Each structure stands twice: as C-alpha cells, then as structure tokens.
Amino acid sequence: MATKRPLMWSNILFILGYHVALLALLPIYFIYFKTSWLLFGISFALLYSSGLAITAGYHRLFSHQTYKTNRWVEAVMVFFGTLATQGSVIRWANDHRLHHAHIDQEEDPYTVARGFWHAHIFWMFRQQTPIDKKVVSDLLRNKLLVFQDKYYEVLMVITNTLMTLLIGWITGDYVGAFVISWLLRMFVLHHFTWFINSLAHYWGHQNYSAEHSAVDNYILCLLTFGEGYHNYHHTFAYDYRNGIRWYHFDPTKWLIWTLNKLGLARGLRRVEKSRISKQMISEHKRALLEKLQGAVTTKRTELEAMASQLAESLTNKLHSMNELVAKYKTLVKDRSSIPETVKLLKKEIQQLRKSLKREWSYWRRFSKQVMRLKAA
Ligand SMILES: [Zn+2]
Ligand SMILES: [Zn+2]
C-alpha cells in the first residue's frame with residue numbers, strides 16, 4: 001500500500017470553491033438577470049475552443065506528438081489551453097505520459113485502480129510528484145511552454161479575466177460572462193476532461209485490447225471532443241485520430257485534418273488499417289476463447305478450434321492483401337510495367353477483398369453466437 005501524499009490545499013480550495021460559487025450564483029443569475037442567446041453562443045464557442053486546445057493541443061500535439069505544427073498554432077493552443085484551467089502543458093503532459101506508461105499501476109497519477117473518484121477528481125487533491133525532466137525533456141526545450149509553466153497561475157487568471165471582461169463588453173452582461181462563460185464553462189470542461197480519466201476507464205467496450213482498463217464509449221465521445229475512443233487511444237497512442245472511421249465523432253481529429261489541409265499541420269501519424277484489423281482480430285479471439293472457457297456447450301473444442309482457425313485465416317488474408325497492395329502501388333509507379341500484369345494484379349486484389357469481406361462478416365456472426373452462449 002502506497003503512502004498517501006500530503007493534501008494540496010490550493011487545489012482543493014480552488015476546485016471546491018468554484019463549485020460552491022457556481023451552485024450559489026447560477027440560480028441567482030437566472031432569477032434576477034436577463035440572459036441572452038448571444039452570451040450562450042459565445043460561451044459555447046469558448047467551451048469548444050478551450051476544449052479542443054486541450055485535446056488537439058495539450059493531448060495529441062504536446063503529450064503524444066501525433067503531428068507537427070508551427071509556432072503560431074502552438075501559441076493559439078497554449079492560449080486557449082490556459083483558458084481551460086487544467087495546469088500548464090508541461091505539467092499536464094508529464095502526468096499524462098506517466099498515465100500511459102504506467103496505466104492502472106501506482107505510478108499512474110490518476111490510476112483507476114484506486115477507484116472511480118480518485119481517477120475523476122481526488123488525485124488532484126494531493127501533492128503531485130515533481131515534474132520528471134526525463135519524461136518531458138522535449139517540451140522543456142520549447143521556450144513558450146517553459147514560459148507558460150513558469151507563470152501559469154498568473155497567466156490563467158489574466159487570460160480568463162480579460163476574456164470574461166471582453167465577453168461582458170460584447171454582450172453587455174458582465175455578470176453572465178462571469179457565471180456562464182467562466183464558472184459554468186470551467187465546470188463543464190473540467191468534468192468532461194475528468195470523465196476521460198474516470199468513465200473512459202470504466203464504462204464501455206474493449207475493442208482493441210484488454211491489457212489495460214481503457215474502454216471505447218461513444219456517448220463520451222460526444223462530451224469529450226472525440227476522446228471517448230479511449231481503448232483505441234491507449235492501444236495506439238501515436239495515432240492523431242481516436243475515432244478511426246470517417247463517421248466516428250472525433251472533432252479533434254477533424255480539426256487536425258483541417259489544419260493539415262490548410263498547411264498548418266504536417267506529419268500526421270496514423271496506424272495502418274491492416275495493423276488495426278489484426279489487433280482487433282487478436283483481441284476478439286482472446287475474448288471468444290475466454291468466453292468459451294466458461295460457457296455451457298458440448299462443442300467447446302470445435303468452437304475453440306474454429307475461433308483460432310478463422311482468426312488465423314483472416315490475419316493471413318490481411319497480410320496477403322497488404323503485400324498485394326504494396327506490389328500494385330510499385331507497379332503503377334513504374335512506367336515500364338506491363339499493363340496486363342497490372343490489370344491481373346488489380347483483379348487479384350478485388351477478389352481477395354471480396355473474400356475478406358465474406359470471411360469478416362462470417363467472423364462477426366460467429367463471434368455473436370459465441371458471446372450469446374450461457375455461462376456455466
Ligand atoms: Zn486513459
Ligand atoms: Zn493519451
């Protein structure tokens with residue numbers, strides 16, 4: 001059992017203090033003051049920009065380096081990230097890198113192994129380990145981040161105060177700007193971010209790996225700017241996407257993609273499709289075999305053999321597909337290639353794709369049947 005660190009009263013008083021202030025001021029504001037859609041619109045835009053600065057900036061850019069950008073974009077991310085009131089980039093990335101490196105262990109600052117509420121909020125109520133220079137050595141070479149870390153508290157108060165005054169001036173509602181654009185926005189954004197440490201390690205599906213507690217949860221994606229595909233993220237943390245399908249709700253991914261198209265982001269890292277599929281098959285197979293171990297069935301041995309055989313066949317076909325596609329790309333680039341050979345290869349790829357599709361849907365039906373089996 002690890003010894004408990006001393007309480008961090010500045011964090012406790014700040015977090016509890018603003019929760020109490022919000023609870024008291026919100027009803028007073030709605031009863032005694034006239035609010036406007038303009039105020040809510042601006043507050044929502046600020047919620048989204050400060051939230052995306054955390055997910056696209058603090059998280060996917062600075063903590064994981066899933067893409068590169070220029071100093072100007074970095075500065076914008078740091079500015080809106082400071083408004084989010086979640087500490088400096090260096091502190092945030094230090095904790096987050098430890099979270100990934102030691103997930104579910106004592107060294108993970110917000111390990112869910114110590115309970116839901118520890119992961120959600122209580123971990124911030126105790127003194128944290130000092131920033132490990134080896135963990136964030138790359139970020140310590142960035143002057144802007146070092147400056148933000150050194151003057152974080154002052155910068156956080158100044159940026160939020162100026163933003164609140166600006167919104168108050170635009171809307172003519174200074175009280176609303178304070179209660180809605182600052183307090184309520186901070187409350188919502190804090191809990192949305194904290195959900196990733198708590199709920200995204202509790203409630204959902206483990207589609208890619210059961211070796212860590214992270215889960216994919218589509219509802220959380222809506223609240224966390226796409227960070228709810230957390231099982232995928234912990235399995236492939238260097239991918240700039242968390243939601244890998246085009247229809248997955250991941251506004252952070254869409255923002256990074258747009259920055260790339262505008263020439264403001266480069267080197268977007270993504271995991272190969274076939275590698276993701278192989279990982280998924282391997283995880284499904286593990287889950288099926290585990291289910292069969294404790295299921296009521298007279299065909300356990302046959303079903304186990306089938307699960308292994310189907311998984312192997314799918315993996316082999318994916319491997320062949322990869323090889324064929326690579327070969328095809330080389331042939332297309334090579335001007336001396338014989339058109340007939342290219343045509344034949346294309347046909348082979350199409351046939352293999354069809355066969356893969358068939359086998360994949362059979363695998364899914366088979367998986368469903370096994371997962372429906374009753375436990376002994
Ligand atoms: Zn996590
Ligand atoms: Zn991460």
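This is a predicted model, so every value here is computed, not measured. Counting starts at 1 for both ligands and their atoms, in listed order. Each residue takes its place number in the sequence, starting with 1.
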For the Zn ion (ligand 1), check which protein N, O or S atoms are under 2.8 Å away and list them.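 Listed by chain and number, the nearby protein N, O or S atoms are His99 NE2, His201 NE2, His230 NE2, His234 NE2.
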- Query: If you group Ile, Leu, Val, Met, Phe, Trp and Tyr by side-chain heavy-atom gaps below 4.5 Å, do Met371 and Leu303 land in one group?
  - Reply: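 Shared cluster, yes.
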Positive for ring pair (Phe, Tyr, Trp, His ring centres under 6.0 Å) with Tyr218, one of Phe249, Tyr232, Tyr247, Tyr229:
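The passing option is Tyr229.
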Q) Is a side-chain N or O of Arg60 found less than 3.5 angstrom from the main chain of Tyr240, in a donor-acceptor match? A)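 Here the side-chain-to-backbone pair exists.
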message: One pair to check against ring-ring contact (aromatic ring centres under 6.0 Å, His included): His201 and Phe116. What are the steps and the verdict?
response: CA-CA 9 Å; His201 282 266; Phe116 180 91; over 10 Å; no
Of the N, O or S atoms in His59, the one nearest the Zn ion (ligand 2):
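Distance check against the Zn ion (ligand 2) picks out NE2 in His59.
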- Does His102 NE2 have over 12 foreign heavy atoms under 6.0 Å away?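 It does: His102 NE2 has more than 12 such atoms within range.
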Exercise. Return the set of residues passing ring-ring contact (aromatic ring centres under 6.0 Å, His included) with His100 (not counting sequence neighbours), or none when no residue passes.
Key: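 With sequence neighbours excluded, His100 shows a ring-ring contact (aromatic ring centres under 6.0 Å, His included) to His64, His96, His233, His234, given in chain and number order.
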